[in-house]
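Inspection log for the structure reproduced underneath, given as structure tokens.
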Amino acid sequence: MAPVTQIMYFKTSSSYLQDPSRLISELATKSGVDKIEGFSKAYLGFETEDPTNAFWVFEWTSKAAHDTYHQTDTFKATQAASRQVFASRPTHTFAGFSNPSRIFSAPVTEFVTFTLKKGVSMDALQPLVKQLQAKLQGTPKFYGSSWAPVIDKPNVIHGVLGWESVQAHWDAVSSGPSKQIIDEVKKIADLWLVHAILTPYKV
């Protein structure tokens with residue numbers, strides 16, 4: 001079974017904003033995170049554009065390992081505690097990224113989705129994504145990228161990209177070949193993009 005990354009994105013409660021480490025510690029204790037089978041890594045952080053939004057990123061050995069954990073009493077016990085954290089229902093996105101740890105460990109992580117416009121085939125989008133990935137290689141202050149279809153959403157490709165700073169990202173794509181490719185992508189897909197500063201959670 002292939003490894004999978006789970007991305008949770010949500011509006012945070014005021015109590016979480018004031019003291020995230022306390023609530024995370026409580027959740028970790030209740031969930032028994034160090035004993036969850038198939039769970040490998042976690043990265044937690046806040047969106048830079050709107051710091052009341054948070055990302056929790058989990059790496060699993062497989063989607064089945066995640067699904068199995070969600071059936072356990074331990075997971076159900078964490079649900080009540082997690083309500084102290086969320087001010088909105090979190091979105092859950094799953095994608096099979098390749099070696100994303102170095103990206104999530106970068107000073108800034110870019111999260112981007114390309115959602116196909118009506119009537120457009122994924123065959124039109126995938127070559128552009130490959131071109132973009134190739135053009136970005138060797139870009140200053142760039143930590144790499146990984147792209148994958150979103151599980152259960154065949155019309156969406158998700159990208160995660162590591163940068164030295166948000167400005168480094170904008171400097172890289174504001175002109176030249178990368179911008180030209182992105183302009184082509186926008187003709188066939190809707191683009192969503194934010195940045196976050198993530199911290200590895202030590203299990």
Side-chain angles (χ1 to χ4, degrees), residues 3-28 30-31 33 36 38-61 63 65-66 69-70 75 78-79 81-115 141-153 156-170 173 190-203:
V4 70
T5 301
Q6 174 190 8
I7 299 169
M8 287 178 65
Y9 178 62
F10 56 92
K11 185 70 71 179
T12 57
S13 65
S14 56
S15 57
Y16 183 71
L17 278 173
Q18 287 162 11
D19 192 359
S21 58
R22 179 183 65 82
L23 289 176
I24 287 167
S25 179
E26 284 180 18
L27 274 174
K30 282 192 169 65
S31 67
V33 69
I36 299 172
F39 174 83
S40 56
K41 292 178 185 170
Y43 305 85
L44 314 175
F46 294 93
E47 180 187 319
T48 61
E49 287 82 357
D50 181 354
T52 65
N53 292 329
F55 281 94
W56 288 358
V57 179
F58 305 116
E59 291 183 36
W60 296 87
T61 54
K63 177 71 163 54
H66 162 272
Y69 171 63
H70 268 233
F75 171 74
T78 67
Q79 293 295 85
S82 65
R83 289 191 193 105
Q84 300 177 62
V85 174
F86 307 141
S88 70
R89 179 185 283 274
T91 61
H92 296 258
T93 302
F94 294 88
F97 298 121
S98 175
N99 299 320
S101 299
R102 63 199 160 85
I103 296 164
F104 298 136
S105 300
V108 168
T109 301
E110 171 194 350
F111 292 86
V112 58
T113 60
F114 298 151
T115 303
K141 302 176 182 177
F142 181 55
Y143 287 67
S145 69
S146 185
W147 302 79
V150 173
I151 294 172
D152 297 331
K153 288 187 180 176
V156 184
I157 283 188
H158 203 305
V160 288
L161 302 87
W163 298 96
E164 189 69 42
S165 64
V166 173
Q167 190 57 48
H169 167 221
W170 295 129
V173 299
D190 295 319
L191 186 151
W192 173 85
L193 184 160
V194 295
H195 304 85
I197 296 170
L198 302 176
T199 303
Y201 178 75
K202 300 290 187 287
V203 176

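Numbering of residues begins at 1 and proceeds along the displayed sequence. The shown structure was predicted, so the numbers you read here are calculated from the model rather than taken from an experiment.
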Could I get the full list of ring-ring contact (aromatic ring centres under 6.0 Å, His included) partners for [X], not counting sequence neighbours?
{"X": "Phe75", "result": "Tyr69, His70"}
{"X": "Trp147", "result": "Phe114"}
{"X": "Phe111", "result": "Phe55"}

Got a second to check how far [X]'s [atom1] is from [Y]'s [atom2], nearest 0.5 Å?
{"X": "Leu198", "Y": "Thr109", "atom1": "CG", "atom2": "OG1", "result": "4.0 Å"}
{"X": "Leu23", "Y": "Leu17", "atom1": "CG", "atom2": "CG", "result": "10.0 Å"}
{"X": "Phe104", "Y": "Ser146", "atom1": "CZ", "atom2": "OG", "result": "8.0 Å"}
{"X": "Glu59", "Y": "Thr5", "atom1": "CD", "atom2": "OG1", "result": "5.0 Å"}

Checking [X] now: which residues fulfil side chain to side chain donor-acceptor pair (under 3.5 Å) with it, not counting sequence neighbours?
{"X": "Ser14", "result": "none"}
{"X": "Ser15", "result": "Ser13"}
{"X": "Arg22", "result": "Glu26"}
{"X": "Thr12", "result": "none"}

### Task
Give the intermediate values and the outcome of side-chain contact (heavy atoms from CB on, under 4.5 Å) for residues Ile197 and Tyr43.
CA-CA 9 Å; Ile197 296 170; Tyr43 305 85; over 6 Å; no
### Query
So, do Trp56 and His92 have ring centers that fall under 6.0 Å from each other?
no
### Message
Could you check, using the six-membered ring where one of them is a Trp, whether Phe94 and His66 have ring centers closer than 6.0 angstrom?
### Response
yes
### Task
Spell out, as yes or no, whether a donor-acceptor pair under 3.5 Å connects the side chain of Ser105 to the backbone of Ser101.
yes
#### Entry: More than 12 heavy atoms from other groups under 6.0 Å of NZ on Lys141
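No, because the 6.0 Å sphere around NZ of Lys141 holds 12 heavy atoms or fewer from other groups.
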#### Entry: Evaluation steps, side-chain contact (heavy atoms from CB on, under 4.5 Å), between Leu193 and His169
CA-CA 11 Å; Leu193 184 160; His169 167 221; 3.7 Å; yes
### Query
Phe58 and Ala42: which non-hydrogen atoms are nearest, and at how many Å?
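Closest approach of Phe58 to Ala42, heavy atoms only: CD2-CB, 3.6 Å.
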### Message
I want to check something: taking the side chain as every heavy atom from C-beta on, are Asn53 and Tyr9 in contact at a cut-off of under 4.5 Å?
### Response
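Heavy-atom side-chain distance check passes, below 4.5 Å.
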### Query
Considering residues at least two apart in sequence or located in another chain, which fulfil the side chain to side chain contact (heavy atoms under 4.5 Å, CB included) criterion with Thr61?
Ala65
### Message
Listing request: all salt bridge (Lys or Arg N to Asp or Glu O under 4.0 Å) pairs with a residue in residues 47-57, at least two apart in sequence or in separate chains.
### Response
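Every pair satisfying salt bridge (Lys or Arg N to Asp or Glu O under 4.0 Å) with a residue in residues 47-57: Lys11-Asp50.
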### Query
Which pairs, with at least one residue in residues 83-109 and sequence neighbours excluded, count as a salt bridge (Lys or Arg N to Asp or Glu O under 4.0 Å)?
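As it turns out, there is no salt bridge (Lys or Arg N to Asp or Glu O under 4.0 Å) pair with a partner in residues 83-109 once direct neighbours are skipped.
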#### Entry: CA sep, side-chain torsions, deciding dist, call: Leu27, Val85, side-chain contact (heavy atoms from CB on, under 4.5 Å)
CA-CA 10 Å; Leu27 274 174; Val85 174; 4.0 Å; yes
### Task
Take Ile24 and Tyr16 through the test side-chain contact (heavy atoms from CB on, under 4.5 Å) and record every step on the way to the result.
CA-CA 9 Å; Ile24 287 167; Tyr16 183 71; 3.3 Å; yes
Indicate every side-chain donor-acceptor pair of residues 156-164 with a distance under 3.5 Å to a residue at least two apart or in another chain.
residue	atom	partner	partner atom	Å
His158	ND1	Val112	O	3.3
Trp163	NE1	Glu110	OE1	2.9
Glu164	OE1	Tyr143	OH	2.7

